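Scope of the values below: all heavy atoms of this structure, side chains included, with no hydrogens, waters or symmetry mates. Residue numbers begin at 1 in each chain, while the letters A, B, ... track the order of the sequences. Here the structure is a predicted model, which is why all the values come from computation and not from measurement.
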There are 2 protein chains.
Amino acid sequence: MPVTIYDVAREAGVSMATVSRVVNGNPNVKPSTRKKVLGAIEQLGYRPNAVARGLASKRTTTIGVVIPDIASPFFAELARGIDDIASMYKYNIILCDSDERIERELHLTNTLLEKQVDGIIFMGREITENHMQVFTTASVPIVLAGTKDPTGQLPSVDISHYEAGYDATRFLLERGHKRVAMVTGPLVDPLWGMRRFEGYKKALDEVGIMLKDSYVYNGDTHYESGIAAVEQFLSLVDQPTAIFAASDEMAVGVIHGLQDRGLRVPEDMEVIGFDNIRLAEMVRPRLTTVVQPMYDIGAVAMRLLTKYMNNEKVDHHIVLLPHRIEERQSTRAEVDHNDDIE
Amino acid sequence: MPVTIYDVAREAGVSMATVSRVVNGNPNVKPSTRKKVLGAIEQLGYRPNAVARGLASKRTTTIGVVIPDIASPFFAELARGIDDIASMYKYNIILCDSDERIERELHLTNTLLEKQVDGIIFMGREITENHMQVFTTASVPIVLAGTKDPTGQLPSVDISHYEAGYDATRFLLERGHKRVAMVTGPLVDPLWGMRRFEGYKKALDEVGIMLKDSYVYNGDTHYESGIAAVEQFLSLVDQPTAIFAASDEMAVGVIHGLQDRGLRVPEDMEVIGFDNIRLAEMVRPRLTTVVQPMYDIGAVAMRLLTKYMNNEKVDHHIVLLPHRIEERQSTRAEVDHNDDIE
DNA sequence: CTGAAAGCGCTAACAG
DNA sequence: CTGTTAGCGCTTTCAG
């Protein structure tokens, strides 16, 4: 039989209310009795029951996290950001893999709510009406991380996929390329797929280049897609001279696909990726890529959640973190056109 | 105010006990009243409070997982195995990053115990006396995954690091190499570091090759270590002709370090890694490596934990999963010496 | 500064 | 098949 607060009270010769006070660091306890209680706790090996506390206080100091796949480097890094900030604020995390299946996402969210989590961080590709419906029945705050809801009602932390897609394409265009191909993510995915692709189109459009369907390969974000994309691009008469892949894994697949066919990167083909997972530095040539602050997205989302949980005022419920391009060796060093003469 | 079981009871015109029964799928309820209750639940939008249930039933259907770093591909894969089996058995997971800091590991374990988890899966590099002490105060089962305690008392699921280290070295030796170097993990780590290294020594010893200190580089499991190791090995007069790295990341670092110096793999140097994380296939040449069944270690550990939680009989509390070598292109295809003539 | 007492929402005997 | 009745272990007024 585990020792309870009542046992400690008896041992220390005080009431359970007093024990509760010292356990919770309430200052209204005379030092001498505090010491007595602490002694009893130590002696009995008392360990507070957080479930009972949760029931009585209606706070569990636990938050729920719904994640597509913890084995994905991208999401794992996000999760790390969440966990670090959570532990800083003394929260624990219930982690649930959704496999990106909507009905599972909804089910998990409900389970989390049943477990009385104090808040939820939700990661997923797409936010549907069904999601909104479940989310609104929640009595605790929910923030989206690495995604955003179409209606803009929910708090969220993400980057601008559109801008990022635009910038990556623009980066290639500014190097003089006229034939820029793209390996997209699944287009059913509104942000990672569609928005990045729209950014690509915008950039092309802006310089008056017509979108060519054969320059677009619809990938699934994984390595093999990159290799497959190369197959398609190299079969064309007017092969592209630069490729923008919507994920680093695909970009590395592209590089290897190219190298397997005897082409050199960046000499024969320039390649830019997206995300900046660690893999980007573990390939030759090292990958130039759009840096997404994955860890920060998680960390900021968690921080935002704490604000909601503490009823603090928040200025912007939708936060877009900055992205940038990290130039490495899969693209050529740009010639500096603006040498000032000294 | 959230709706409680009591509200449902009133709405349905039954007692809360009956509501509890239908919620918990107890068969002893007349279909007609079950329907009534279900209707009330639906109408009121009732959502059972798992915390209250946990307090009353002394089971939380939640388990705790202590992990060194969820952003590590190796542990993330393990975590995935755990989560999949856990969700199959209707358990949720409280995930805690320990950063491999012992005092944090102990603290987290205690927190998990306070939260009344039904069991714990512990991942870490080393199990000390302090660990054992905390573990024994737990009234719920604890199983180790990807590690093993020195005394062999705790249930655990892992591979034989010694055998694996031996096999990898032997693999190289059998290809005729006399100068085989090793990039180890931290030797303070008894399993990943020391045991694999001991396997290496054993294999050398067996064929009468003297261990050379300069052929051993003490890495930290990460990519950069591999590159640094190459520096050391290539500075020697009698350079090694094959390298065994105790992690895939280091092995890929080795490959790139070699390539950066103009050497070819496997022509000039053969390389074998350890783990078989996805990266092993995303490098050129693809990495030959010791396959560790990461997902399975997690899955089996979780399965084992369910047995303990249900008081089922378990035959072996220490399970060693098989490892094997996956030959890819970082080692030469072996000549077949045993061609039978037909 | 400390104690008494009333729940938190649910499960689990125990009756009936 | 269904209702009654105790708690589960702790927090939280409210008195004193």
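- Rounded to whole Å, the distance from CZ on B:Arg59 to C1' on C:dC10 is 15 Å.
- Between B:Lys58 and the phosphate of D:dG9, there is a side-chain N or O to OP1/OP2 separation shorter than 4.0 Å.
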Problem - Under 4.0 Å protein heavy-atom contacts per nucleotide of nucleotides 1-7 of chain D, with B for base, S for backbone only and - for none - result: SBBB--B
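- For C:dC10, the OP1/OP2 oxygens have no side-chain nitrogen or oxygen of B:Ser20 closer than 4.0 Å.
- Rounded to 10 degrees, the angle separating the terminal axes of the helix from C:dC1-D:dG16 to C:dG16-D:dC1 is 30°, with each axis obtained from five end pairs.
- For A:Phe75, the ring pair (Phe, Tyr, Trp, His ring centres under 6.0 Å) partners at least two apart in sequence or on another chain are A:Trp192.
- Atoms CD (B:Gln116) and P (D:dG9) sit 9 Å apart, rounded to a whole Å.
- With sequence neighbours excluded, the residues satisfying side chain to side chain contact (heavy atoms under 4.5 Å, CB included) with A:Thr147 are A:Ile127, A:Leu144, A:Leu191.
- D:dT11 atom P lies 11 Å from atom CG of A:Leu55, rounded to whole Å.
- A straight line from CZ of A:Arg53 to P of D:dC8 spans 18 Å, rounded to a whole angstrom.
- Atom OH of B:Tyr6 and atom P of C:dT11 are 17 Å apart (whole Å).
- Not counting sequence neighbours, A:Tyr308 has no partner by the side chain to side chain donor-acceptor pair (under 3.5 Å) test.
- Applying the side chain to side chain contact (heavy atoms under 4.5 Å, CB included) rule to B:Arg21 yields the partners B:Ala17, B:Thr18, B:Asn26, B:Val29; only residues at least two apart in sequence or on another chain are considered.
- Sorted by residue number, the members of residues 35-47 of chain A with any non-hydrogen atom under 4.0 Å from DNA chain D read A:Tyr46.
- Here salt bridge (charged side-chain N to carboxylate O under 4.0 Å, His left out) pairs that include residues 22-43 of chain B, with residues two or more places apart or in two chains, number zero.
- The ring-ring contact (aromatic ring centres under 6.0 Å, His included) contacts involving residues 51-70 of chain A comprise nothing, where partners must be two or more places apart or lie in separate chains.
- Legend: residues meeting side chain to side chain contact (heavy atoms under 4.5 Å, CB included) with B:Thr151, ordered by chain and number and at least two apart, are B:Met132, B:Asp149, B:Gln153.
- One atom, CG of B:Asn26, and another, C1' of C:dA13, lie 13 Å apart when rounded to the nearest Å.
- Atom CD1 in B:Ile82 sits 15.0 Å away from atom CZ in B:Arg303 (nearest 0.5 Å).
- The phosphate of C:dT11 (OP1 or OP2) has a side-chain N or O of B:Asn24 nearer than 4.0 angstrom.
- Residue A:Lys115 contributes atom NZ, which lies 18 Å from atom P of C:dG9 at whole-angstrom precision.
- For residues 135-145 of chain B, the pairs satisfying side chain to side chain donor-acceptor pair (under 3.5 Å) are A:Arg47-B:Thr137, with sequence neighbours left out.
- Within the structure, salt bridge (charged side-chain N to carboxylate O under 4.0 Å, His left out) contacts touching residues 89-100 of chain B (residues at least two apart or in different chains) are A:Arg80-B:Asp97, A:Arg80-B:Asp99, B:Asp99-B:Arg101, B:Glu100-B:Arg125.
- In this structure, A:Thr60 OG1 and B:Lys115 NZ are separated by 6.0 Å, a value rounded to the nearest 0.5 Å.
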